[in-house]
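Residue numbers start from 1 in every chain, and the chains themselves are labelled A, B, ... in the order their sequence lines are given, proteins ahead of strands.
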Number of protein chains: 2
Amino acid sequence: MGSSTARIEAAENRCAQQGVKLTERRREVLSALIEAGGALSAYELLDRCNKRLSKSMPAMSIYRILDFLQSHSLVHKLKSNNKFIACAHIDCDHQHFSRSQFFICSDCPAVEEINIDTSAYEFMRKAAEQAGFSLSNTQLEFTGSCQRCTNNGGQPE
Amino acid sequence: MGSSTARIEAAENRCAQQGVKLTERRREVLSALIEAGGALSAYELLDRCNKRLSKSMPAMSIYRILDFLQSHSLVHKLKSNNKFIACAHIDCDHQHFSRSQFFICSDCPAVEEINIDTSAYEFMRKAAEQAGFSLSNTQLEFTGSCQRCTNNGGQPE
DNA sequence: TTCAACCTTGATATATTGTATCATTCTCAG
DNA sequence: CTGAGAATGATACAATATATCAAGGTTGAA
């Protein structure tokens, strides 16, 4: 995972490739989220953006922009806690998977995004099939405690 | 999964064993949720309860009662869609697992609750460990389409 | 029995998260 | 330039959830 600017640049490139625009507002939002280094709620992100911008924007804009960023896999929404996080693979060269897994710390904003191997997914797909379900979204979220919070006895700093 | 009354009775027994009370209100809420046959939002459940009860209750009560029911594994909260569902294993004789998996239909209230085998979980636990995370909650939610909605082309009836 | 402690529920207010809608501004191809 | 479509602003509101204090009920011990 490169520097903040490297990731923004990679996001620019990916948008250009897809024929969509990473406007100034969108870049500001993505950049604030990347620099947060973890998961933020929409309104937390809004506050951060508005604090460092000359012209503040309404809540509606954050949601619209987050929708855009999600639809281009630059941001993920964590349903466990209604927070948003910058994709960890914006500037990776490898293929992006639709199957992301997140380890979410319940005591701090830390989130780890990984990609499980295919066999575990295939296992679940078959189990679903037996129950008559065809899976669409396979984003998995696990809650727990990150190393730092585990060592602190679960106390945020 | 037995009849509605069988499940309520089983819930009574489990509460009694644990030395807690399944009060009238709690029984009403659980029973409404069981009879719904799928996932409901807190306010949908509130509406159903209040429609069939002589004395209506405030929203706060639903949340309190749902907290109680969740803490005794009689109800689960689906974080994917902020809905609640009666545990499918209230009146099962087998051991209750803290690891539940849900297949959630995105087009109707259908939800299937299963228990994956231990190996898949163990796989994820190790992956988390490598990332410095110790998992606590392992409820997994998969979104997709149930058989009925798949056959209807995703159209709810 | 009666009182006190505790648990449960009611009532009300408010916080948090997210969407609907219409107006305004921006951008860019023709 | 200009007009169509995209993006944003502004405002209202819906949906989800929590905080807090008061009132009612249960239960066990004096």
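Proximity of N82(B) to the phosphate of dA17(D): a side-chain N or O atom is located under 4.0 Å from OP1 or OP2. Residue Y43(B) places no side-chain N or O under 4.0 Å from the OP1 or OP2 atom of dT16(D).
Separating the CD atom of E28(A) from the P atom of dA7(D) is a distance of 16 Å, rounded to the nearest angstrom. In this entry the distance linking CG of N81(B) with P of dT17(C) reads 17 Å, nearest Å. Rounded to a whole Å, the NZ atom of K79(B) is 14 Å from the P atom of dT17(C). The distance between atom CG of L46(A) and atom P of dT16(C), rounded to the nearest whole Å, is 13 Å. Nucleotide dT8(D) holds its C1' atom 15 Å from the CG atom of L22(A), rounded to whole Å. Between Q70(A) atom CD and dT19(C) atom P there is a gap of 10 Å when expressed in whole angstrom units. Spacing between atom OH of Y63(B) and atom C1' of dA11(C) amounts to 17 Å, rounded to whole angstrom units. One atom, CG of D67(A), and another, C1' of dT17(C), lie 13 Å apart when rounded to the nearest Å.
Between atom CD of residue E141(B) and atom CD of residue E113(B) there is a gap of 11.0 Å, rounded to the nearest 0.5 Å.
The backbone N or O of F84(A) sits nowhere less than 3.5 Å from a side-chain atom of Q70(A) that would complete a donor-acceptor pair. Looking at S41(A), its side chain never comes within 3.5 Å of a backbone N or O of K83(A) through a donor-acceptor pair. Although no hydrogens or angles enter the test, the distance criterion places no donor-acceptor pair under 3.5 Å between the side chain of E112(B) and the main chain of A131(A).
The aromatic rings of Y43(A) and Y63(A) stand perpendicular to each other, their planes meeting at an angle above 60°, with 30° marking the opposite boundary.
Crowding of E9(A) atom CD: a count of heavy atoms from other residues, nucleotides or ligands under 6.0 Å not exceeding 12.
With 3.5 Å as the limit, one finds a donor-acceptor pair spanning the side chains of S145(A) and T150(A).
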Between the protein and nucleotides 8-10 of chain C, list the N/O to N/O atom pairs that are separated by less than 3.5 angstrom.
from, atom 1, to, atom 2, distance (Å)
dT8(C), OP1, R26(B), NH1, 3.2
dT8(C), O5', R26(B), NH2, 3.4
dT9(C), OP1, T23(B), OG1, 2.5
dG10(C), OP1, R25(B), NE, 3.2
dG10(C), OP1, R25(B), NH2, 2.8
dG10(C), OP2, S61(B), OG, 2.9
dG10(C), N7, R64(B), NH2, 2.6
dG10(C), O6, R64(B), NH1, 3.1

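Within 4.0 Å of K83(A), counting heavy atoms only, lies no atom of the nucleic acid at all.
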